[in-house]
Number of protein chains: 2
Amino acid sequence: MSGADVEEQLRESGLRVTRQRVAVLTVLHDHPHTDTDTVIRQVREVAGDVSHQAVYDALRALTEAGLVRRIQPTGSVARYEVRVGDNHHHVVCRSCAAIADVDCAVGEAPCLTPSDSHGYLIDQAEVTYWGLCPECAAAAAS
Amino acid sequence: MSGADVEEQLRESGLRVTRQRVAVLTVLHDHPHTDTDTVIRQVREVAGDVSHQAVYDALRALTEAGLVRRIQPTGSVARYEVRVGDNHHHVVCRSCAAIADVDCAVGEAPCLTPSDSHGYLIDQAEVTYWGLCPECAAAAAS
DNA sequence: CCGCTTTCTGGAACAAATCAAGTCTTGACT
DNA sequence: AGTCAAGACTTGATTTGTTCCAGAAAGCGG
């Protein structure tokens, strides 16, 4: 995705186009599942000095606008990704916390419906697969 | 579950039986999906003075022993529950963060298997349904 | 009952995230 | 082009959730 596309995306969502936000979006496009701290460092590489607060603000604004999605598996810090709308899921390594995408077989949210919703109005089913990544599985086997 | 049962559970897991641990387990039995801070307050109600550190230690020890399960939906603090082994899932209210249990139709982990596991060795599929609880749905409608 | 080991206590430290006040920038409207 | 208000950014402090540490206390096998 080019810088112009990113700018267009921002405008369409009614957000102002700023150097910081473009940088955040670009970084997330290039590095999915990035935690906040890494986003801050990457943003500074491509956009020079940016306060951590600006990154936090940008991430929240982008999340509210639906341009990025926030995920937070148990035991991890918040991570962000730009793949939204396709209702895909994640597989997380118990050992090293690596995350990989898993396409949803159904595709549309909610792809699953619970047996008993307890009166809740459910709009999304988020699936997290837990296991070991290839590297950690190999290390554990030896 | 009685106090004696709780003690037995601890012993079977090779953990020492302490007033603090019994209190933590009992509190979790009575109040599922409780966050750490609430656990601390409840434990102090039933067991008198207990340091917050003891509660953190107990929660970690119990989690490692498999007696309690830690869940942490995006945007929430860590919560704990005693239902383990039946691979049930959760429905979370986007508005008030209330949590309810949802029985798994399959029952055994992993109840789902991804289309492409990327080489990961998957042992569990955790499903979180997102939506609005009955109270918040009613409030939103009015 | 004794002593070893684990656990608990109390305090401090730490990291992640949020809040607050003031300054600067964007983009719409003369 | 110039002005202006809403919104974004910066700096720095604060809150929140969690962990680390050293010494005291308690559980449990002998």
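Throughout, a chain's letter reflects where its sequence line sits, starting with A, and its residues are numbered from 1.
- A distance-only check finds a donor-acceptor pair linking the side chain of A:His118 to the backbone of B:Asp101 [under 3.5 Å].
- For DNA chain D, the contact window with chain A, defined by any atom under 4.0 Å from a protein heavy atom, covers D:dA6 to D:dG12 in 5' to 3' order.
- In this structure, SG in A:Cys133 is found 11.5 Å from CD1 in B:Ile122, a value given to the nearest 0.5 Å.
- Residues meeting the side chain to side chain contact (heavy atoms under 4.5 Å, CB included) test with B:Thr38, sequence neighbours left out: B:Thr34, B:Asp35, B:Arg41, B:Gln42.
- A salt bridge is defined here as a Lys NZ or Arg NE, NH1 or NH2 lying under 4.0 Å from an Asp or Glu carboxylate O, and B:Asp103 with B:Arg83 meets this definition.
- Nucleotide C:dT18 holds its P atom 11 Å from the CD1 atom of A:Ile40, rounded to whole Å.
- Looking at heavy-atom distances under 4.0 Å, B:Arg79 makes no contact with the nucleic acid at all.
- Using a 4.0 Å heavy-atom criterion, one finds that A:Arg11 contacts the sugar-phosphate atoms exclusively.
- For the atom pair B:Asp37 CG and B:Arg79 CZ, the distance stands at 11.0 Å (nearest 0.5 Å).
- Put simply, CG on A:Leu112 and NE2 on A:His89 are 6.5 Å apart, with the number rounded to the nearest 0.5 Å.
- Between B:Glu7 atom CD and B:Glu12 atom CD the span is 12.5 Å, to the nearest 0.5 Å.
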**Request:** Starting from the C-alpha separation in whole Å, work towards a yes-or-no answer on side chain to side chain contact (heavy atoms under 4.5 Å, CB included) for B:Val102 and A:Ser117.
**Result:** CA-CA 7 Å; B:Val102 175; A:Ser117 66; over 6 Å; no

**Complete:** With B for base contact, S for sugar-phosphate-only contact and - for none (protein heavy atoms under 4.0 Å), nucleotides 1-11 of chain C reads ----BBSSBBB

